[in-house]
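Take a look at the structure below.
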Amino acid sequence: MSTATTPPPPKKVNRLGLEILNYRGGKTTLCAGCGHNAISERIVECAYELGLEPWSVAKFSGIGCSSKSPAYFLNQAHGFNSVHGRMPAVATGALLANHTLTALGVSGDGDTASIGLGQYMHMLRRNLPMVYIIENNGVYGLTKGQFSATADIGSTQKTGSVNSLPPFDCCSLAIKWGATYVARSFSGDKKQLMALIKGAISHKGLAVLDIISPCVTFNDHEGSTKSYNYVKDHEESIHEIDYVPYFEDIAVDIEDGAVQDVSLHDGSRLRIRKVERDYNPFERGHALNALDDAETKGELLTGLLYVHTGKPTFIEQLNMVDEPLGTLPESRVRPGKEVLTTIMEELRTGGAA
Amino acid sequence: MSTATTPPPPKKVNRLGLEILNYRGGKTTLCAGCGHNAISERIVECAYELGLEPWSVAKFSGIGCSSKSPAYFLNQAHGFNSVHGRMPAVATGALLANHTLTALGVSGDGDTASIGLGQYMHMLRRNLPMVYIIENNGVYGLTKGQFSATADIGSTQKTGSVNSLPPFDCCSLAIKWGATYVARSFSGDKKQLMALIKGAISHKGLAVLDIISPCVTFNDHEGSTKSYNYVKDHEESIHEIDYVPYFEDIAVDIEDGAVQDVSLHDGSRLRIRKVERDYNPFERGHALNALDDAETKGELLTGLLYVHTGKPTFIEQLNMVDEPLGTLPESRVRPGKEVLTTIMEELRTGGAA
Amino acid sequence: MSDAALLTADAVTGSPAGSVVNDFSIQVATVNGSGSQTANTVLMRSLFQMGIPVSGKNMFPSNIAGLPTWFTIRASKKGYLGRRREVDFLVAMNAETAQEDVMKLAPGSVAVYDEPLNLKSLREDVHFYPVPFDKIVAATCHEAKLRKLVKNMIYDGVVAYLLDIDMEEIHKALIRQFGKRKAKAADLNWGAAQAGFDYAKSTFEKKHPFRVERMDATAGKIIVDGNAACALGALFAGVTVVSWYPITPSSSLVESLIGYLKRFRHDAETGKATYAVVQAEDELASIGMALAAGWAGARSMTATAGPGISLMAEFIGLSYYAELPTVVFDVARVGPSTGMPTRTQQGDVLKNALLSHGDTKHPMLFPGSPKECFDMSCEAFNLSEMFQTTIFVVTDLDLGMNTWMTDAFEYPGKPIARGKVLSAEDLDRLGGFGRYTDVDGDGIPYRTLPGTANKNAAYFTRGSGHNAKAQYSEREDDYINNMDRLLKKFNTMRSHVPAPVVDVHPGAKVGIIAIGTSDFAVSESRDQLREEQNLETSYLRLRAYPFNEQLDEFIKGHDRVYVVDQNRDAQLLGLMRLDLDPAQTAKLRSIRYYGGLPLDARTVTEEIMKQENA
Amino acid sequence: MSDAALLTADAVTGSPAGSVVNDFSIQVATVNGSGSQTANTVLMRSLFQMGIPVSGKNMFPSNIAGLPTWFTIRASKKGYLGRRREVDFLVAMNAETAQEDVMKLAPGSVAVYDEPLNLKSLREDVHFYPVPFDKIVAATCHEAKLRKLVKNMIYDGVVAYLLDIDMEEIHKALIRQFGKRKAKAADLNWGAAQAGFDYAKSTFEKKHPFRVERMDATAGKIIVDGNAACALGALFAGVTVVSWYPITPSSSLVESLIGYLKRFRHDAETGKATYAVVQAEDELASIGMALAAGWAGARSMTATAGPGISLMAEFIGLSYYAELPTVVFDVARVGPSTGMPTRTQQGDVLKNALLSHGDTKHPMLFPGSPKECFDMSCEAFNLSEMFQTTIFVVTDLDLGMNTWMTDAFEYPGKPIARGKVLSAEDLDRLGGFGRYTDVDGDGIPYRTLPGTANKNAAYFTRGSGHNAKAQYSEREDDYINNMDRLLKKFNTMRSHVPAPVVDVHPGAKVGIIAIGTSDFAVSESRDQLREEQNLETSYLRLRAYPFNEQLDEFIKGHDRVYVVDQNRDAQLLGLMRLDLDPAQTAKLRSIRYYGGLPLDARTVTEEIMKQENA
Ligand SMILES: Cc1ncc(C[n+]2csc(CCOP(=O)(O)OP(=O)(O)O)c2C)c(N)n1
Ligand SMILES: Cc1ncc(C[n+]2csc(CCOP(=O)(O)OP(=O)(O)O)c2C)c(N)n1
Ligand code: SF4
Ligand code: SF4
Ligand SMILES: [Mg+2]
Ligand SMILES: [Mg+2]
């Protein structure tokens, strides 16, 4: 029969009726095989499947290969590729102006743990409500492979030189100093990554995702502890994790005790299924010790390491009006004539109010 | 009888034959009663009693009332009052040039935990061999009393406003991220302070002393958790501690098990006597948990929280020649003609060496 | 000097003939942290209430307590508010500096001092009035621990008697200072003031020429410091996001703003705030927050001083290139480096203009009075959003932290201007936009705010190379076009920033150019030049950078033009040399003062005459 | 073009008459990360070995792999090393840009291309030589995974045939590139080169005018990039402390220095290092470490680019005011902000000079060749210790990262100068010293190093106000005296920094002033002006700031002086306007290029003529 008559196949859309291409970004300029590209793809899929309004998201980054990646997803969301190591301040400022934004940040290990460590720590302390992704490859990719502050002791550079300083563990820092959703994952672990990113977006508070994301060009060799092979060999996922969105109403019948649900701010849930080990992501001390043990054992724990729902965020502490400050009308931000008159009288007479 | 004939009383001197005034500094310009002044006095006494050669010491600081204090002790030692929050970099650079210096730094809680947190953390990671004193009053004294990042949740400013953010614990950070001698004390606890400062000077590696040092002008009121009264009420010393210098040869007969000796790099020893609690300063995890517990209990633990002798310092890792780099003669730092000839030939021919 | 004095035996020499009314400065020398502030404010206020123009300057050390401090009150019937080099009336309370303070006095001046200091013997040509402060306070204040606080109020009484200040005004000022809530403290202090007055009345014979008389020169005026005035400007500009890091002398700007925000910017029903103030961890964070808040639509600001400006350099370069709006208050202190944090200087003018690596140009506003602090701060927010870049409001410690008599502020006449922001509806109409496209030919592009519900709203902000559509680009032509547009935008600003204030004296050959606090000295100096040297001058006070053509014309119109700089390197003059035709700048001569004290008229007059006579 | 070509049927038009020998540029268009570097280097080296002056420029994107890259080799019998706008000989390996690359060619030029790209049809006035690279490589290289690597070497063979390059030289260059250790790889590549040569020989009839002939113009020359040259300067200056933070285009400076230090600066017996290199956490740390190392006696340095300069502002202000020595290499890239990290610009010149808040002035050195990179880097350490301040060595991406033919470096003639440092013995003799006292009247004070065993050695270093004895001071006079001395010190530098290179043409009315890499374009442009416009020009190449009187005289001696700036805002010209008498600067005219590519002679010539004819 003639193809002319067959109707076009129905377009695949999400609950907002948007196609996946509404969530795509520009063409990547990163190396083929770079872990960062895989993460960008996951972000696109998560946003699509969650049915986020693209324009309700604001993307942030610092400087680095990783920090370029916000240009490669969510073209319909505003993006701010700022300066090296200062993404936390930038995200904070934007949220002060408009706390209704879904803030999604992508940084690198150099951007966060080297030059940016100070701002990172102060952001943790504030429990800034955003998703903060660290694309962690242990090196400065964009400047051609020098060690970052997350490089492990003894790991070697392509040039052969050996790193002699201990690494900063961004998850351990995050758990200890104030983040309320802390996860570690691997750019190659599609399923886990999807659940963790979706959970992070549904979480109210600071969600830090430290994602090992190999640099195929400068840190994927023998002797690197951030190579695909090394990570595959040493990854230990602490549990199986699934994301159940609020809009998919599935009865919550947890048949066996090995399964536990974390209900998130927007009504969605993370379903955690126990594997071998007993891991309790609700207990700060436990999580910190587990990370310590793993480090000594040379294991790389992945999964939702710590979660604490309900802790007030920095934005809540500021007790702002519900509307974004940035677009309040003049009538609400400029006090009336009488106020000026009062103040002038005080300054004329020197009288305290 | 006529006083003319009586000989002058013999001057009190230390093992180098130096009087205490050789260790004094300029007249303080800090407020009367400021905790920082007490600490300066302790430093003078320690240096005198240890018999340090004043000129073998280099003093460092950032900016703040606390950072002014190096001008008030050891006038015969070079001092470097740098810029706000950057003392770690400055001390590092000086030690690279001359690793034979005894580096003694004084910073404040704002200087270290607010603006300086990034450099502080990277210094910890390097186990830079120096004594790093934090004169911790929970506020910015020099700018008139705003909260610093070590202010406790709920503590109030003189103006009445309440701090809603959790504090950074510089000791917990130091223990976790690489310092090898970590102590907390109180500017008012003369005996403990003397032992801890002397021990820090004898230690090889990074010694961090977080000393609660009340700001009598801006943070000594009701509601402050860094006031003299509050600290007196909440201080819990984890042990009694004495310093036994290598040059005072006392037989090491530890009669009861409650006493333990820590032998330090220069042969001196810290003698630790157990009080109520069991505290093990040699075990990182133990120390970190103890600090956590204390925080929840609202206790302020003082004493030698953690010590790890023998860990290689940043300077050792660099494998430098024994003499200070800064004063090496030309013959040792400028390669000979033949070297240039070799290199020129390589560049002429493009031949690899 | 007064007849009384002339009749006295002691050999007071060189004092001016006749009595000197409403034209002198009083200097109170104390120790910082000793709580003399109330007494000084009350003294100044009492003169103000008598209708006499006053200004007050606090010269304090960069520490918190225990070092010498001098508070100087100038009364000037002619309304001069600038610093006067000479002290006419000294109140010596600080043993450490008393001798030097006395030796510095001009012949014929007055020294009230704490009796034990025993200064009388130091000089013969000064009128001494010893006061046993401790005895008096002991008699009036029975709670020993309060004495230190009220002791200072005694000299208010003494000075009131010696200068014929109406004690009723002292009382009034005092009551207002303490307000209803602190009535008891007010009484205590009032007692001390009276005791001082009575002691002086019963003890001293006035032998000096200085006294006050009521005037009517303070109607419609207020007394305020420049930092509070800037804060009020921001308040009425509708500032919504304030991120800051404390630093002298800018801290009090934000702290008074916080006070006003708490009082006047909470939602009536909900009590919620229509603003956010964040004390950041440092200046790299405070400027980053401010710029991103501006990016997301807030009226944002930060305040700092030199060291903070240096730390903000990288971010402010981003703000220029990526076109992000915010307002940065630079309350300048003495540099370089930490410099002298409690001294004043115009040391950042050229530095702000060129801040950050690469080709950048930043606009600046230069308020010359607290009134202008209010108006320009308010306007700065409009300009930052209209031009989508950082606007510097440049003041200094003298203007910011000292207290000034100034005209009462007027409610902003025009509505808030938010610049070229496209709404979702606009985008539907336009079907898209180019973030960095010069649609209107003025170099100013259109922007959208994050959160705008439209699929065409988004664009990507970056500090790296970009084309008119905000896409990443390393193309030669894209880069050049964008940089040329930025230059065009900067030129557009010339006609939008506050114009200079020009006073051309017909036929004058000599012109003077100044900014900010130099105005107080220059205005007074022009009178000195006229009256003492009969040299008539024209005057152009710059109020903003970039400059406009009025500056050109002014220079063209005069033979010799003196540019007044409160810095070593003639930074304002340098900025003109960079921007103006050398044919014009050849006429410029430099008047520089950089000792850290507020500029005084005498220095300007002497410098000009030295060069005029050279 | 060659007779052969003239006799051919196809209509090649507009090509120059006769053959063009040793005067053309070859552009290889590939994708970055595709490993064409070896092939390009070998090609360039082979020309160099034939005695022909060459320079190589890599135009690459600011990412790591997958985007277009162009490598241009210029052969110039006249020894011109600057960029040439026109491409004469294209090797098109990148499908993405091939068409545009071909369209950009001048008539009569050559295009070798990967056959499948099928470019022949695009133009009639270009000589096309299609090469089936994949077929050839498949035939010569049997390990499939190695093919990508050797493929590029094929075009070396093809180009060698088409330009008469001696294959022996290709072989020699190739062997040297790989060295003994990589003999196998060398053979593999040599095979590919030969295959390319044979294919071309058996397939193509040369129809283009370009070819090479042996010369003798490279004797005593080397090929090196500016960053390596600076590294060598530091090595032979005896640098002891290097703290850095990676940033393009400065990273390779430190990385090659590290390589040399490892080879030549370890103690023979102990194997211990006579240096320390620290990769800091950021630029605030790297500059802080460098300055403190200088303070403690090290010869210290750091290297960075624009964004790092901005972050270093606060510390470098401290270095000016507290007088701390270090050397900062600024390998400039396109600003503002992140700008274009892999493009070149002279965008920090004015910014470095004025860096940090308050009154500051910083000296700069401007190397104009790799040879000068070596000499001046070496001298910079002497100057930093002699003058106890930060010395900027300002180069740019073009000089720093591109490969240049340059004179072989000469071993430093004079010993290391460590400036005014007092030893313990000196102090015994003197009985003390004033750290900031101007003993010698040159504004340069004496210092001591921490650790000096003498009770009078110590002093207190601070960025706050201090007197001549380094005591804390807020006194007006102390501050002014110190700032005046700093100015005097700066003026003393004028006669110690490298003097300009001046070539005055008798009777020339037109002068040209330039710095750094502008020299390559200006030298060539002067010939163009002479030969094409018979306009004789004089030339002054500045090599340092502060300027000396030669600059004044040069301007005085000419009617019109063109200042060449590779930035938008004429920063070099601006610096002259700030420092020189307006009577002189009135003569200055600006030549600006700021597109991010290396400046070419044609642009300079056209700009000058435009203004000459205006
Ligand atoms: C202030 C500043 N310093 C240095 C640089 C150079 N630089 C660009 S990216 C980068 C490191 C990036 O490392 P990381 O954050 O791990 O990102 P990756 O490239 O590895 O994904 C550096 C040092 C810069 N752009 N700005
Ligand atoms: C870059 C910079 N920002 C701000 C300041 C102003 N400042 C001086 S000291 C200080 C805080 C000092 O607090 P802390 O370190 O706790 O010392 P303390 O005075 O409490 O002893 C600040 C913000 C500065 N000097 N430099
Ligand atoms: S260099 Fe490394 S981090 Fe950068 S894009 Fe390539 S693979 Fe990814
Ligand atoms: S203000 Fe506080 S910290 Fe500063 S000197 Fe006074 S008491 Fe000490
Ligand atoms: Mg990385
Ligand atoms: Mg403090």
Side-chain angles (χ1 to χ4, degrees), chain A residues 22 26 29 53-60 63 70-71 74-84 86 88-98 100-101 118-119 121-122 318-322 324-328 330 332-335 337 339-340 343-344 347-353, chain C residues 41 45 173 176-177 179 221-224 232 235-236 238 240-241 243 263-265 267 270 272-276 278 280-282 284-285 288-293 295-300 314-315 318 408-409 411-412 415-416 449-455 457-464 472:
Chain A
N22 293 81
T29 63
E53 284 169 329
W55 48 80
S56 69
V57 178
K59 305 176 291 183
F60 302 96
I63 296 287
L74 298 186
N75 265 349
Q76 291 181 22
H78 277 69
F80 194 144
N81 176 197
S82 64
V83 292
H84 195 27
R86 319 302 176 194
V90 169
T92 305
L95 284 171
L96 293 172
N98 184 351
T100 68
L101 293 169
Q119 290 209 348
M121 299 277 291
H122 285 278
L318 290 170
N319 182 37
M320 294 185 261
V321 293
D322 304 345
L325 295 181
T327 44
L328 289 175
E330 174 165 347
R332 297 188 63 187
V333 295
R334 172 175 282 174
K337 264 205 173 59
V339 172
L340 185 63
I343 298 168
M344 286 305 101
L347 295 173
R348 191 184 62 73
T349 62
Chain C
T41 310
R45 282 274 175 190
R176 285 170 172 172
Q177 270 294 302
K221 307 272 186 188
I222 60 173
I223 290 182
V224 68
L232 286 167
L235 177 74
F236 284 92
T240 44
V241 173
S243 55
R263 285 175 65 190
F264 301 115
R265 287 283 298 277
D267 197 280
T270 65
K272 290 184 171 177
T274 60
Y275 65 88
V278 174
E281 57 270 35
D282 66 11
L284 283 85
M289 291 177 191
L291 286 171
W295 174 79
R299 307 208 107 190
S300 68
E314 187 190 17
F315 255 123
L318 175 69
F409 307 158
Y411 196 74
I416 287 170
L449 304 182
T452 304
N454 186 301
K455 71 179 201 317
Y459 68 93
F460 200 79
T461 300
R462 49 162 71 83
S464 45
Y472 184 83

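Below, each value reflects all heavy atoms present in this structure, side chains not excepted, and no hydrogens, waters or symmetry copies. Convention: sequence-line order gives letters A, B, ...; per-chain numbering from 1.
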Criterion side chain to side chain contact (heavy atoms under 4.5 Å, CB included) on V83(A) and L291(C), from CA distance to verdict: CA-CA 12 Å; V83(A) 292; L291(C) 286 171; over 6 Å; no
Atom of V333(A), atom of R265(C) and distance for their closest heavy-atom approach: O-NH1, 3.0 Å
Contacting region of F315(C) [heavy-atom separation from chain A under 4.5 Å]: side chain
Interface moiety of P70(A) toward chain C, non-hydrogen atoms closer than 4.5 Å: both
Heavy-atom side-chain contact between V90(A) and W295(C) under 4.5 Å: no
Shortest non-hydrogen contact between L340(A) and F409(C), atoms and distance: CD2-O, 3.6 Å
Contacting region of L101(A) [heavy-atom separation from chain C under 4.5 Å]: side chain
Distance (rounded to the nearest 0.5 Å) between T240(C) OG1 and R332(A) CZ: 12.0 Å
From CD1 (I63(A)) to CZ (R462(C)), nearest 0.5 Å: 10.0 Å
Best-contacting candidate, G288(C), A290(C), A453(C), against chain A by heavy atom pairs under 4.5 angstrom: A453(C)
Rounded distance [0.5 Å steps], OG in S300(C) versus CG in L96(A): 10.0 Å
Among the listed options P335(A), A97(A), G326(A), the residue most often paired with chain C at heavy-atom distances under 4.5 Å: P335(A)
Straight-line distance of K59(A) NZ to T461(C) OG1, nearest 0.5 Å: 10.0 Å
Close side-chain approach of R334(A) to I416(C), heavy-atom, < 4.5 Å: yes
Under 4.5 Å from any heavy atom of chain C - which part of Q119(A): both
Option that, when pairs with chain A are counted at under 4.5 Å, heavy atom only, ranks first among L284(C), T270(C), D282(C): L284(C)
Partner chain C: residue of P324(A), G93(A), A71(A), P54(A) with the largest heavy-atom pair count (under 4.5 Å): G93(A)
Interatomic distance, K272(C) atom NZ to L318(A) atom CG [nearest 0.5 angstrom]: 12.0 Å
Any side-chain heavy-atom pair of L318(C) and F80(A) under 4.5 Å: yes
Heavy-atom closest pair, residues V339(A) and F236(C): CG1-CZ, 3.9 Å
Winner by heavy-atom pair count (cut-off under 4.5 Å) against chain C, out of K337(A), H84(A), E53(A): K337(A)
Chi angles and distances behind the side chain to side chain contact (heavy atoms under 4.5 Å, CB included) call for I343(A), F264(C): CA-CA 11 Å; I343(A) 298 168; F264(C) 301 115; 3.6 Å; yes
CE on M121(A) to CD on E281(C), rounded to 0.5 Å: 11.0 Å
Top contributor to chain A contacts, counting heavy-atom pairs under 4.5 Å, from G463(C), A276(C), S243(C): A276(C)
Those residues that, when tested against K221(C), pass salt bridge (Lys or Arg N to Asp or Glu O under 4.0 Å) (two or more places apart): D407(C)
Engaged part of A77(A) at the chain C interface, taking heavy atoms whose separation is under 4.5 Å: backbone
Side chain to side chain contact (heavy atoms under 4.5 Å, CB included) between L449(C) and H78(A), intermediate numbers included: CA-CA 8 Å; L449(C) 304 182; H78(A) 277 69; 5.6 Å; no
Option that, when pairs with chain A are counted at under 4.5 Å, heavy atom only, ranks first among A458(C), P415(C), A285(C), A298(C): A458(C)
Pairs of heavy atoms under 4.5 Å with chain A: top-ranked of S464(C), A296(C), A293(C): A293(C)
Shortest non-hydrogen contact from L232(C) toward M344(A): CD1-CE, 4.3 Å
